[in-house]
2 protein chains.
Amino acid sequence: MRRMTARPANAHQARLLRLLRDGGPNSRAQLGDQIDLSRSKLAVEVDRLLETGLVVADGLAASRGGRRSHNIRLAPALRFLGVDIGATSIDVAVTNAELEVLGHINQPMDVREGPVAVFEQVLAMAAKLKASGLAEEFDGAGIGVPGPVRFPEGVPVAPPIMPGWDGFPVREALSQELGCPVLVDNDVNLMAMGEQHAGVARSVGDFLCIKIGTGIGCGIVVGGQVYRGTTGSAGDIGHIQVEPDGRACACGNRGCLEAHFSGAALARDAEEAAQQGRSPELATRFEAAGRLTAADVAAAAAAGDATALGLIREGGNRTGQVIAGLVSFFNPGLVVIGGGVTGLGHTLLAAIRTQVYRQSLPLATGNLPIVLGELGPAAGVTGAARLISDHLFSPA
Amino acid sequence: MRRMTARPANAHQARLLRLLRDGGPNSRAQLGDQIDLSRSKLAVEVDRLLETGLVVADGLAASRGGRRSHNIRLAPALRFLGVDIGATSIDVAVTNAELEVLGHINQPMDVREGPVAVFEQVLAMAAKLKASGLAEEFDGAGIGVPGPVRFPEGVPVAPPIMPGWDGFPVREALSQELGCPVLVDNDVNLMAMGEQHAGVARSVGDFLCIKIGTGIGCGIVVGGQVYRGTTGSAGDIGHIQVEPDGRACACGNRGCLEAHFSGAALARDAEEAAQQGRSPELATRFEAAGRLTAADVAAAAAAGDATALGLIREGGNRTGQVIAGLVSFFNPGLVVIGGGVTGLGHTLLAAIRTQVYRQSLPLATGNLPIVLGELGPAAGVTGAARLISDHLFSPA
DNA sequence: AGGGCTTTGTCCTGTAACTGGAAAAAGTGG
DNA sequence: CCACTTTTTCCAGTTACAGGACAAAGCCCT
């Protein structure tokens, strides 16, 4: 029953909460260095936050040559729930107010089972985390889904790989069930927010976050803010055409990037190669399991299989070609590559880099890092927690 | 000597100035409806602005059933200079504080002559406008150049079609010569701002503005603000690859969009067609003038020449292919097509639309207008004036 | 132990920002 | 001339905020 009922009363308080979230516990003096307020006003706002219970003062910090300071920190009992619904599995995690992941579970699940079945499982997973003592209640939850979302309402719109989800009131339904504020966003955007908060994209204002999983998507961050586009479909780069009259895509067109390279496409190509006898390594695995996944290709490549390496390289080239265009257009300060397929590692990254550095102009690529995400599966759930905390830590 | 020395003292005053700029003269009561301030506070700020001379109260408006209101308007003597330096010509215009173009002149000039020669001409043109009595002095100037700009410093960086301009301190030099504040930006960004202020893009928050002239560029507007990228090269879509191993481009690569379609490429292809006897219409014009331009192709197409129409259609397809990718990625609320080549009119637009609507997903294209800019050559200079007025109408 | 010095936190006072109501000014229409 | 509307001004009270004085609590050196 101890829920976060209070919200910051003004922009100063919101700012302070975010400083404490991102910088950890701080003294009043340290906070004063980071915010443009007089000490008196700062003290007043901190006192008000203390009254609401959103922050607590616990103990004294070590002296730095003078009077010891009080440690101000966010309420230690605050808990956020981060949910990342992928095409084939679900990640659920609990974080504290500083967005540190306290517990994280992952279970396989086909998103095509529909919202009702998926939410049943999400709620069970959340209950499991509660039962393990990591949280009494949740003060807010962020939900990522693998498709476009009308963000203000928290409703998926025309999601290609999520039949049955179109128009389903995800935000409303989960808010009801969980009994706390909920925000819903595209999974790629959450990954971008995760890497921004705790990963490779800290301190970068404008960057792109490419997620290669079952499909391919791109999170766009402009001036530190996620850009979602007019209808919430920004970053939907999986259906950019990379080859006229190329492979048929589920969307109805031909030659889409996603039809040529993605977790699903890679598995398909690998099975094809195995059946055609072009790769003994893949054939062995195919016979053993009856099917192949991106992980098999990664393993085969690591074992030196030329065909597997070729598939990865070709996919990287295709992806790099698209990213090169995006880099020319968007001129980001960083490109992050993430998602399930990053298990393909350096071979993939090298192919992408080669394409981008060759095709884009030097002014855009001159100082452009292209790196793998460093948070892995934690990126999505961390981003989800960040999303809802950004919301709760803003003036009511 | 009557120069705009004063600047708004706070955000409220800045807001008021912009309201008066964009909405024209207004009474205090009307201003009060558009700004979140009490009448008393509003009156105080208006009085302060009156004291500085930035705004004036002239005459009474007609009654609307009660006491007649005072007309508050921006100082009528305020003048902004808008300069749009293209690859082959220069546009210079004077506007009043409401950014209405009072006078506009255009002269041919090759930007490759270098900054010194170009600025000599710009200053001469500005002097001519002054001499015609449209302005005593300029209170600010916006300058557009056809290449990437490091915006905070107002310095072109690595501009492909502007040899000799790299690193030239445009802002500083012109500020000195003109004796007023100056801002420098990419010409495409200014076109976007122009269409946003007075053209088709009013009231659209996120849109793209494609300018097809000698080269091809794209202005990106996010949340009403121009997005310039990390190094100022955002929107540089002319060098996105549209055909592997395609035409050689000036940038050193092959298959760039600009190498296949742009004012320059179109002229080249038209001359080729004329010489190869594929088009009698173009051949006649070629013999008459010794060379061909995009305008010739437009004229030939208007006369029904199949080859000319084919060139336009093919170019539109190529451009549309790239724009389709950008639409998928950026999910804009509007796409504006502008620049010199828009003389090609509906044929071009139709080809672009076809490609975009076919290649991008319905969610992104469902309600996406793709239209020609409605300001023509005035877009750039209006945008330039808007740029500097935005700067001057913000807190000092 | 005691005195100088530093850092942290609190208190207090004066000023500027701001709101909302009352009232005046200036109009319309019957 | 009166009732009513719209616009503007005036005024009094509240809140936001800055910055200085000062107290508290530590350090280090003698």
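Throughout, protein chains are lettered first and strands after them, A, B, ... in sequence-line order, and every chain is numbered starting at 1.
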- Per-nt protein contacts along nucleotides 21-30 of chain C (heavy atom under 4.0 Å; B base, S backbone sugar-phosphate only, - none) come out as BB-BBBBS--
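- How far OG1 of B:Thr230 is from CG of A:Leu334: 9.0 Å, rounded to the nearest 0.5 Å.
- The outermost nucleotides of DNA chain D lying under 4.0 Å from heavy atoms of chain B, listed 5' to 3', are D:dT5 to D:dC11.
- Between A:Gln30 atom CD and C:dG9 atom C1' there is a gap of 14 Å when expressed in whole angstrom units.
- Partners of A:Arg48 under the salt bridge (charged side-chain N to carboxylate O under 4.0 Å, His left out) rule, at least two apart in sequence or in another chain, are A:Glu45.
- The shortest distance between the side-chain N/O atoms of A:Arg28 and the OP1/OP2 oxygens of C:dT7 is not below 4.0 Å.
- Taking the centre and axis of the six-membered ring of B:Phe393, the NZ or CZ atom of B:Arg18 falls outside the cone set by 45° and 6.0 Å.
- With sequence neighbours excluded, no residue forms a salt bridge (charged side-chain N to carboxylate O under 4.0 Å, His left out) with B:Glu177.
- Atom P of nucleotide C:dT7 and atom NE2 of A:His70 are separated by 17 Å, given to the nearest angstrom.
- Counting any heavy atom pair closer than 4.0 Å across all strands shown, A:Lys41 reaches sugar-phosphate atoms only and no base atom.
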- Task: Check step by step if side-chain contact (heavy atoms from CB on, under 4.5 Å) holds for A:Leu42 and A:Leu16.
- Result: CA-CA 9 Å; A:Leu42 175 75; A:Leu16 288 170; 3.6 Å; yes
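- Not counting sequence neighbours, the partners of B:Tyr227 by the ring-ring contact (aromatic ring centres under 6.0 Å, His included) test are A:Phe330.
- Remark: P of C:dA17 and CG of B:Leu42 are 15 Å apart, rounded to the nearest angstrom.
- Checking side-chain atoms of B:Glu195 against main-chain N and O of B:Val200 turns up a donor-acceptor pair under 3.5 Å.
- Per the geometry, CG belonging to B:Asp36 stands 11 Å off C1' belonging to C:dT19, to the nearest Å.
- Listed by chain and residue number, B:Glu153 satisfy the salt bridge (charged side-chain N to carboxylate O under 4.0 Å, His left out) test with B:Arg150 (two or more places apart in sequence, or in another chain).
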